[in-house]
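Here the structure comes first, spelled out in structure tokens, and everything after it is commentary.
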2 protein chains.
Amino acid sequence: MSVASPEETRSAPTLSAVAKLAGVSSITVSRVVRMPELVAPETRSRVEAAMRELGYVPNQLAVALARARTRSIGVLVPTIANSIFADTVQGLSDELEPLGYAVILAQSRYDAAREDHMLSVLLSRRPEAIIMVGSPATEEGARLLRRAGIPVAETWDLPATPIDAVAGFNNYEAGVAVARHFIEQGRKSLAFIGGDDPRATRRWNGFNDTAQALGAKAPRRLVLDRNASGSVAALAELPGVDAVFAANDAHAIGFMSGLRKAGFLRNGPAAEQPVALIGLGDLEMGRLIAPSLSTIRVNGEAIGRTAARLILARGGPRHIDLGFELVIRDSG
Amino acid sequence: MSVASPEETRSAPTLSAVAKLAGVSSITVSRVVRMPELVAPETRSRVEAAMRELGYVPNQLAVALARARTRSIGVLVPTIANSIFADTVQGLSDELEPLGYAVILAQSRYDAAREDHMLSVLLSRRPEAIIMVGSPATEEGARLLRRAGIPVAETWDLPATPIDAVAGFNNYEAGVAVARHFIEQGRKSLAFIGGDDPRATRRWNGFNDTAQALGAKAPRRLVLDRNASGSVAALAELPGVDAVFAANDAHAIGFMSGLRKAGFLRNGPAAEQPVALIGLGDLEMGRLIAPSLSTIRVNGEAIGRTAARLILARGGPRHIDLGFELVIRDSG
DNA sequence: AGGGCAAATGACAACGTTAACATTCGCAAT
DNA sequence: ATTGCGAATGTTAACGTTGTCATTTGCCCT
């Protein structure tokens with residue numbers, strides 16, 4: 001039962017509030033929290049009682065300022081919703097939370113200006129490291145990160161000139177693998193659908209280069225609006241195409257639904273598919289639907305975990321290629 | 001071009017480093033950042049040059065300590081991956097980031113002890129508010145939140161005794177609506193599949209109570225392992241069942257794939273479905289697959305935005321029911 | 001010439017904690 | 001009886017900002 005005193009300002013109790021109640025100095029309370037074995041058992045339990053009574057929770061801001069260690073890491077993703085990046089955030093946060101790190105999350109929404117802004121917002125909280133999907137879109141962003149003097153992990157790609165650590169896979173080669181597969185299958189008219197962010201563009205480049213090198217006619221590229229994945233439209237704009245590489249599984253499944261509505265889809269083995277379709281990401285959904293979705297499998301969670309380990313690691317390799325795997329199911 | 005001085009410790013420049021370079025006191029630099037109009041134009045541009053030269057980014061930790069305003073909010077979700085909660089995080093963060101708030105993200109992994117722990121980890125960073133999915137699982141967690149004396153939003157449900165703000169919908173009524181629909185359709189043998197977290201259980205209760213009240217035999221409840229959404233197994237355990245309510249769309253789609261593999265599935269209008277199936281969440285995938293998935297539509301992003309607005313709001317209503325909508329498509 | 005005032009700038013304490021030293025106390029060793 | 005020492009506790013100055021209250025100018029009035 002607590003009696004409301006006039007000056008009770010309803011703000012979190014401090015070290016010295018606890019100290020006062022326990023009749024010790026604040027440093028003793030601090031020691032009870034951090035190095036209890038240095039405090040006499042009798043004093044310790046008095047302090048612990050006071051902490052419990054007041055509901056004391058240490059102020060990590062003050063701790064961070066005093067020790068110059070914030071125990072937080074900044075995470076920048078294009079978007080957290082509807083997306084393969086959620087797995088990456090889950091992975092890195094599973095790795096980091098047990099170590100006492102807080103995850104500060106920011107979204108760039110695929111916008112370079114917003115990315116720079118969020119980068120400096122993150123940096124202003126003095127995270128001990130930054131993990132981002134992709135690489136800074138602008139030189140300004142890269143400079144910010146370099147000046148910060150903290151570990152930086154770029155993920156989901158293998159940048160040519162990384163800032164620091166890298167945990168990703170070769171998006172260009174993913175495009176190569178898909179094109180090669182289509183050509184080996186005897187497909188003639190290829191197309192690529194997806195966004196135009198840097199990673200999707202790399203996939204396109206690998207796809208396009210390879211298709212042409214192997215003698216197919218120039219593939220078409222259709223840039224989809226980020227929300228329009230239920231793209232019946234895509235089909236309308238791709239007459240005569242017999243093989244499609246979608247930059248991610250969500251686009252692929254949207255396109256598949258367009259195919260179905262247009263009556264182009266029959267269940268069964270790939271050979272019977274009038275339009276072959278391969279996605280990227282290996283969403284669980286892709287395995288469950290019919291026809292099941294062929295895809296470039298990428299382990300988003302492992303990317304997150306690896307990035308987390310890299311920014312914590314003192315030495316060792318700084319660049320890890322997690323690879324990908326072409327998984328052929330019914331759709332292509 | 002910068003010459004490396006011996007004592008260059010590679011740590012972020014401070015207000016007084018900038019001040020020294022510009023030949024003013026630190027408070028003047030602070031004013032250039034916060035109230036530039038109080039500083040003489042000539043001084044101001046000198047300071048701005050110094051800031052640019054050093055790449056100065058204000059230390060928000062120190063700001064927060066000095067002003068007792070951290071401009072951060074804590075967000076606690078069961079999990080961010082594979083999940084409807086990502087939309088909520090997206091929504092709230094879109095609302096909060098433009099206002100200068102940082103989002104500190106934590107995951108409870110559906111574990112009560114971990115939830116309490118993450119709650120106090122969040123609180124130790126002194127967020128100005130907490131937004132969580134669901135309600136604290138333990139009395140200890142609730143106490144922590146109440147003592148913190150900051151706005152708290154519980155989401156995705158309508159708790160009987162909320163701590164503070166609420167943005168959710170009535171999970172019990174969702175179960176009621178689905179049961180009623182199945183019974184009206186003439187279904188006889190109902191089942192519920194999904195997790196056993198509090199919200200799923202509320203759905204089950206509404207479903208079960210209503211089915212029995214309307215004269216159906218007692219529905220079966222199958223608690224699924226959180227990862228086992230590709231549950232062919234579920235089907236094996238539900239012989240004779242002709243209508244299934246899945247606690248979320250991911251489970252529903254997994255079950256649908258089980259049905260398909262077992263040869264129980266034909267495309268077409270609901271009346272022909274041997275097993276009716278309704279999910280919850282209205283994942284975009286559900287709309288795209290065949291047969292398209294019937295579902296309880298819930299707007300996760302709106303829940304996030306609303307929660308954000310509620311914790312910022314000075315007055316006004318503290319409890320908002322965002323509702324849900326039964327969307328009947330091909331699967332049921 | 002003196003007072004008054006506004007514009008520009010600065011000094012200093014505070015925010016809640018920790019690091020680095022200090023102090024006190026009792027007791028064992030000489 | 002003094003010294004020395006370790007165990008327990010305390011004091012003080014940081015950490016990088018901001019709020020509050022000076023102080024210094026220059027200039028306009030009368």
Side-chain angles (χ1 to χ4, degrees), chain A residues 9-48 50-51 54-72 100 123-128 148-149, chain B residues 9-48 50-51 54-72 100 123-128 148-149:
Chain A
T9 327
R10 204 71 205 85
S11 95
T14 68
L15 219 41
S16 48
V18 175
K20 201 163 147 196
L21 183 59
V24 296
S25 75
S26 22
I27 192 70
T28 299
V29 180
S30 173
R31 281 200 268 254
V32 169
V33 174
R34 295 178 303 141
M35 330 130 101
E37 70 284 357
L38 292 189
V39 179
E42 197 269 337
T43 314
R44 191 194 312 172
S45 57
R46 203 150 29 93
V47 169
E48 279 163 350
M51 293 200 299
L54 295 178
Y56 174 71
V57 178
N59 184 331
Q60 282 299 131
L61 293 173
V63 174
L65 195 57
R67 312 187 61 177
R69 294 208 54 189
T70 60
R71 294 232 154 232
S72 66
L123 255 12
S124 75
R125 310 265 2 163
R126 297 293 186 269
E128 295 181 26
Chain B
T9 327
R10 204 71 205 88
S11 96
T14 68
L15 220 40
S16 49
V18 175
K20 200 163 148 197
L21 183 58
V24 296
S25 74
S26 23
I27 191 72
T28 299
V29 181
S30 173
R31 281 198 269 254
V32 169
V33 174
R34 295 177 303 140
M35 331 129 100
E37 70 285 356
L38 292 190
V39 178
E42 197 269 338
T43 313
R44 190 192 314 170
S45 56
R46 203 148 30 91
V47 170
E48 279 162 350
M51 293 199 300
L54 294 179
Y56 174 71
V57 178
N59 183 332
Q60 282 300 131
L61 294 173
V63 174
L65 195 58
R67 311 186 64 175
R69 294 208 54 189
T70 59
R71 294 234 154 232
S72 67
L123 255 12
S124 75
R125 308 249 25 155
R126 298 292 187 268
E128 295 180 26

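Reminder, nothing fancy here: chain letters follow the sequence lines and each chain counts from 1.
Across all strands shown, Ala40(B) has heavy atoms under 4.0 Å from sugar-phosphate atoms exclusively, and none from any base. As judged by a 4.0 angstrom heavy-atom cut-off over every strand, Thr43(B) is placed among residues touching the sugar-phosphate backbone only.
Nearest heavy atom pair, residue Arg125(B) against residue Ser72(B), reads O-OG, 4.2 Å. Closest approach of Leu15(B) to Ser26(B), counting heavy atoms only: CG-O, 3.8 Å. Scanning all heavy atoms of the two residues, the minimum distance from Leu61(B) to Ala64(A) falls at CD1-CB, 3.8 Å. Of all non-hydrogen atoms in Ser25(A) and Ala19(A), the two that sit nearest each other are C-CB, 3.6 Å.
Sorted by first and then second residue, the salt bridge (Lys or Arg N to Asp or Glu O under 4.0 Å) pairs with a member in residues 37-47 of chain B read Glu42(B)-Arg46(B); sequence neighbours excluded.
Atom CD of Glu48(B) sits about 10.5 Å away from atom OG1 of Thr43(B), to the nearest 0.5 Å. Rounding to the nearest 0.5 Å gives a distance of 11.5 Å between CD of Gln60(B) and CG of Leu123(A). Here the CG atom belonging to Leu38(B) is positioned 10.5 Å from the OG1 atom belonging to Thr28(B), to the nearest 0.5 angstrom.
Of all nucleotides in DNA chain D, those with any atom nearer than 4.0 Å to a heavy atom of chain A start and finish, going 5' to 3', at dA8(D) to dG16(D).
Taking 4.0 angstrom as the limit, Thr28(B) places a side-chain polar atom (N or O) nearer than this to OP1 or OP2 of dG10(C). At the phosphate of dA19(C), OP1 or OP2 sits under 4.0 Å from a side-chain N or O atom of Arg34(A).
Arg71(B) places none of its side-chain heavy atoms less than 4.5 Å from the side chain of Val63(B). Taking the side chain as every heavy atom from C-beta outward, Val39(B) and Pro36(B) never approach each other to under 4.5 Å.
Rounded to whole Å, atom C1' of dT9(C) lies 11 Å from atom CZ of Arg46(B). What separates CG of Leu65(B) from C1' of dT18(C) is a distance of 13 Å, to the nearest Å. In this structure, Leu38(A) places its CG atom 20 Å from P of dT24(C), rounding to the nearest Å.
Every residue meeting the side chain to side chain contact (heavy atoms under 4.5 Å, CB included) condition with Leu65(A), not counting sequence neighbours, appears here in chain and number order: Asn59(B), Ala62(B), Leu65(B).
Listed for the Thr70(A) side chain is a donor-acceptor partner under 3.5 Å among the backbone atoms of Arg126(A). Checking side-chain atoms of Thr14(A) against main-chain N and O of Ala17(A) turns up a donor-acceptor pair under 3.5 Å.
Within residues 54-63 of chain A, the residues that have a heavy atom under 4.0 Å from DNA chain C are, in order of number, Tyr56(A), Pro58(A), Asn59(A), Ala62(A), Val63(A).
Comparing Arg126(B) and Glu42(B) against DNA chain C, the residue whose closest nucleotide sits nearer the 5' end is Glu42(B).
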Pairs under 3.5 angstrom, nitrogen or oxygen only, protein versus nucleotides 11-13 of chain C, please.
none

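For the helix from dA1(C)-dT30(D) to dT30(C)-dA1(D), the end axes, each set by the C1' atoms of five terminal pairs, are bent relative to each other by 60° (nearest 10°).
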